[in-house]
Amino acid sequence: MKRWVTDLKEFRSVIISKRLDFVDLVLGANSHTLSINLISVKVGLDSEKQKELRQFLRSYIPNEKQGVIQEHEYDDYEDDVSSDDELTEEEKNREHEKVLEDKYQHIPDSVFKRKFLQNIVGNFRASKGIPRDIPCALERNATLDFNLKTKLTDQMQNSPGYKRMMQVRSQLPVFESKDYILDMIKENQVVVISGETGSGKTTQVAQYILDDFILNNRGSVCHIVCTQPRRISAVSVAQRVADERGERCGESVGYQIRLDKQLPRKQGSILFCTTGILLQWLHSDPGLSHVTHVLIDEIHERNMDTDFVMTVIREVLPQRKDLKVILMSATLNAEQFADYFYKCPIITVPGKLYPVEKYYLEDIISMTGYVKMKQRKPRPRQDASYNQFSDMIVPYVLSLRHKFGEVVIDQLLQPDSEALNLELYQELIEHICENEGPGAILVFLPGWDQISNLCRMLSSSSFFSIIGVPKQASEDRDELEFENDEEAEKREIKILTGNKDRQFLILPLHSKMPTVNQSQVFDPPPPGVRKIIISTNIAETSITINDVVYIIDSGKMKVKSYDAEKNVSVLQDQWVSKANAVQRRGRAGRVQRGKCYHMYTKARERLFDDFPTPEILRTRLEELILTIKLLELGKVATILNRIMDSPNPKTVNLSLKLLETLRALDGDENLTPLGFHLAKLPLEPHIAKMIILGAIFSCVDPILSLAACLSFKEPFFMPLGQDKEVMAKKIIISKGNKSDHLVLAEAFRLWEEVKNKKEARKFCWDNFLSMATFRDLRKLKIEFAEYLHEMGFLKSKNSKDESANTNSKNFSVLKAVICAGLYPNVAIVERVQRFTLSGKLEVVVRTPEDGNVKLHRSSINESQLSFESPYLVYHSKMKSSHIFLHDATMVSSLPLILFSHKVYYDPTGKVIRVNDDIAFHCAKDLATLVQELRQEVQKVLDTLVMEPGTVDWASNDQKTKILRAAAELITSEDTTQQKTENDVKEGAKKRK
DNA sequence: GAGCACTGC
């Protein structure tokens, strides 16, 4: 990249706009050219002037960056600005860059401004396809090479433990391909390794590479990063590999996941991390310069992270010719990934599992002799799913006539034969218990409903009857000394039995149930007791239960997708993919032979997709777009088109539009200063905005509590069949605020008050809260506070610092900040109506975009009798059987007026309008005043975002005065605070 | 009139 500048002033502006994090100053031998980061400048200055220039450069670069200035003579720096065209293009670029810079001319110079400008100019340049050459940062170190080799060869020859491990390792199927794999990696920049569970690829391949480097005296120039989609696998694989090498994590093997790391040495090592961590590194090291090999595992899962990392890495490859990439996938469709990397080679390794016998619905109906009670025949629906049944399933069933009796065929021919029928599950479980050997049974069902129903059915069946509670305790229970056994029993999972010789432990497993962390699930049951685990997809990958021998696979799972036409998220049951079915089957046969019962016909399985729909096609894209912008990858559409499966352009446009509405992007897709902040925070943009406002409005701690809950998970458990009790506790914690968000913030505050005391456990137990979740959430809060501190919005890293919490006890201000973050997610309460039959009350709510929606049962507002203000802001809206708002906070008018995206006065109706659906009666004079206040507040917020700083709530400067005035008005206007004692009681009564 | 898949920074 060359450009010619002769005048010192212009030279200065060129430099200011450049990425000064990596300054590479090249002084041409003829003393006429200077090159800064590949931009050559023909200075035509004498040596004295050049010296001046260099001094200027140094003075401009922030102190901490001085170390990276490299200044060297370049003896053959030719003028290769060849054609006039290129020059013009460059000039055009320069002009455009200047436009970008001028736009923010009014902001005073600061580190933030420079970084921000650097980013948007970089984005612009990337969209022009301007490459950067990135060298590997690892330097050869002969001493280290020698030491590594000595240690390894010594271990190989002398350590009995290592030899024993080697014996085990050499039994893995991948071992036979070791040399071939190493050769292929040497010859190719990208290789796909495909193999099923048990092949050993995840634990072995990285070690083969490292050992090969070490044995060739090149250990110091090898640093392998292996990404895993889940935290648990990153840590457990690292520990396993360290074990195999006779070490602990932190030497040649380490891991890094969010909030936890055990890093290995920088050279001659393997790091296992989550894919998200690798993405974070790309922010500061876009060429992964400290890495020599990237292994991306489980790419067949098609997570957004792995898909996106593959895209970015494919862009990086031409700039990092020495970087090796190894993609690891399940066998089906490995070609798809190889094709994506320009037809790179595929190495296939076999898997190793104990055999798992497969049964399908036809076998199961036959073996159980199950006959469904004849109901009124449902009228066959003439839809796609029915057509599929009659076209594909019926012919298959008819072909089975020679094999199965008429009764079985008749069952299978009913159009709803493959519908989820829990009676059949019960029959099958009883059949297994009566006819098969010992071993745990794992049942995969799509969701809460089916799990709780099956548990209830089994509990009330005569085959299983309750005898008592198990001895093992839950993680939370463990820490609790029980005073009241009856209370304990109510929440525990029951052991069930038919007679004294046969006992059963029935365990529901769902991320929101308290069983997830229980040792009961993982440990072998007491002798004579059979475990029956009834689970969601969580047991497919995240939770591994070793003693499972029997799998019952419904073939269904809940899938969240995004309907771009209706602009709403959808959660619905779907048939699983072939890959899911294989994975579920593989959950048996880990330690011994197993059996898998698929509750669908064999013909149905042939209709399954090979893989789940890639996440990127099922989700909104705001966060991804911000990441693309932060990574300076250029135009969003261009990059998204290069992803293996490009998202729907309509989704892209809706996401871009929302980001513009949030004022995170300008009309040209450039990040705004606010967008730049939001992109750096590991949060959805709405919540990221909320925590920045929390800092500015001095109520950071409760807002961080809320942000952690919304972005990770709520600390409330949902024990089976106790939703009413949970709701009663939530309503007490809400203190009369009609806000699920304040319930979360308050629950957190209450826990933090007692967390180091003895009563913490009792507090959690009494309120259906999880200590384990709280501990994770607290780490998240600490991380958020560190980000805010680093960005300049907090004086201290401590979110509890008094100066950042002046308004933390002011619910009105909290709700206003929540409103500001969640806007434009506003719903309007129309009325509370009574159902004539049951007498139950229902809140009728609508949103401008969707029409009527419902409040979800888990919201405390679903049971409210009246609303002082008709406006509810919400975070999550999802369509299942209806469109549900899962959480909601009632807000009064002023927060909406102050923090919505625009307001205007409508003189005909004498209302101040936020949009077509939200308006407040208001005399003109008052409206003018309110609008002025809004303008002032927005101006303060804009300034604070562009020049990040903390607000001293006690000071008397202009900015603070305006914020304080706003907070005072918000508080006095919030009449909703005054009610409530009665409402609370009535609400609780209604629940009962 | 009738319920809440799962990851991750």
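Every chain is numbered from 1 and lettered A, B, ... according to where its sequence line falls, protein lines coming before strand lines.
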Strand-adjacent residues in residues 552-561 of chain A, judged by heavy atoms under 4.0 Å from DNA chain B: A:K558, A:K560
Over how many whole Å does the gap from [X] atom [atom1] to [N] atom [atom2] extend?
| X | N | atom1 | atom2 | answer |
| --- | --- | --- | --- | --- |
| A:N537 | B:dC6 | CG | C1' | 7 Å |
| A:I257 | B:dC9 | CD1 | P | 7 Å |
| A:I232 | B:dC6 | CD1 | P | 15 Å |
| A:Q583 | B:dT7 | CD | C1' | 14 Å |
| A:R620 | B:dT7 | CZ | P | 23 Å |
| A:H856 | B:dA2 | NE2 | P | 13 Å |
| A:M718 | B:dC6 | CE | C1' | 14 Å |
| A:I534 | B:dA5 | CD1 | P | 15 Å |

How is [X] classified with respect to the nucleic acid when contacts are heavy atoms under 4.0 Å: base, sugar-phosphate, or nothing?
| X | value |
| --- | --- |
| A:N303 | nothing |
| A:T627 | nothing |
| A:L571 | base |
| A:R258 | base |
| A:F884 | sugar-phosphate |
| A:S881 | sugar-phosphate |

From CA spacing to verdict: ring-ring contact (aromatic ring centres under 6.0 Å, His included), A:F768, A:F717: CA-CA 5 Å; A:F768 300 92; A:F717 279 136; 8.5 Å; no
Can you list everything that forms a side chain to side chain contact (heavy atoms under 4.5 Å, CB included) with A:Q256? Sequence neighbours excluded, please. A:K261, A:L263, A:L271, A:C273, A:I277, A:W281
Tell me, please, which residues at least two apart from A:E786 pass side chain to side chain contact (heavy atoms under 4.5 Å, CB included). A:I782, A:K797
Does [N] have OP1 or OP2 under 4.0 Å away from a side-chain N or O of [X]?
| X | N | value |
| --- | --- | --- |
| A:S880 | B:dC4 | yes |
| A:S542 | B:dT7 | yes |
| A:T536 | B:dA5 | no |
| A:H510 | B:dA5 | yes |
| A:R231 | B:dC9 | yes |

Between [options], which one does the side chain of [X] approach most closely?
| X | options | value |
| --- | --- | --- |
| A:D723 | B:dC4, B:dT7, B:dC9 | B:dC4 |
| A:P682 | B:dC9, B:dC6, B:dC4 | B:dC9 |
| A:K854 | B:dA2, B:dT7, B:dC4 | B:dA2 |
| A:T274 | B:dC4, B:dT7, B:dG8 | B:dG8 |

Base of B:dC4 relative to its sugar, syn (within 90° of 0) or anti? syn
Atom NE2 in A:H886, atom CD in A:E862: separation rounded to 0.5 Å? 12.0 Å
Closer to the 5' end of DNA chain B via nearest nucleotide, is it A:L681 or A:Q450? A:Q450
Here's a test of your reading of the structure: between A:P446 and A:E623, which maps to the more 5' nucleotide of DNA chain B? A:P446
Do other residues, nucleotides or ligands put more than 12 heavy atoms under 6.0 Å from [X] [atom1]?
| X | atom1 | value |
| --- | --- | --- |
| A:K560 | NZ | no |
| A:K879 | NZ | no |
| A:I232 | CD1 | no |

Given side chains that start at C-beta, do those of A:D740 and A:H875 come closer than 4.5 Å, heavy atoms only? no
Close side-chain approach of A:I883 and A:T847, heavy atoms under 4.5 Å: no
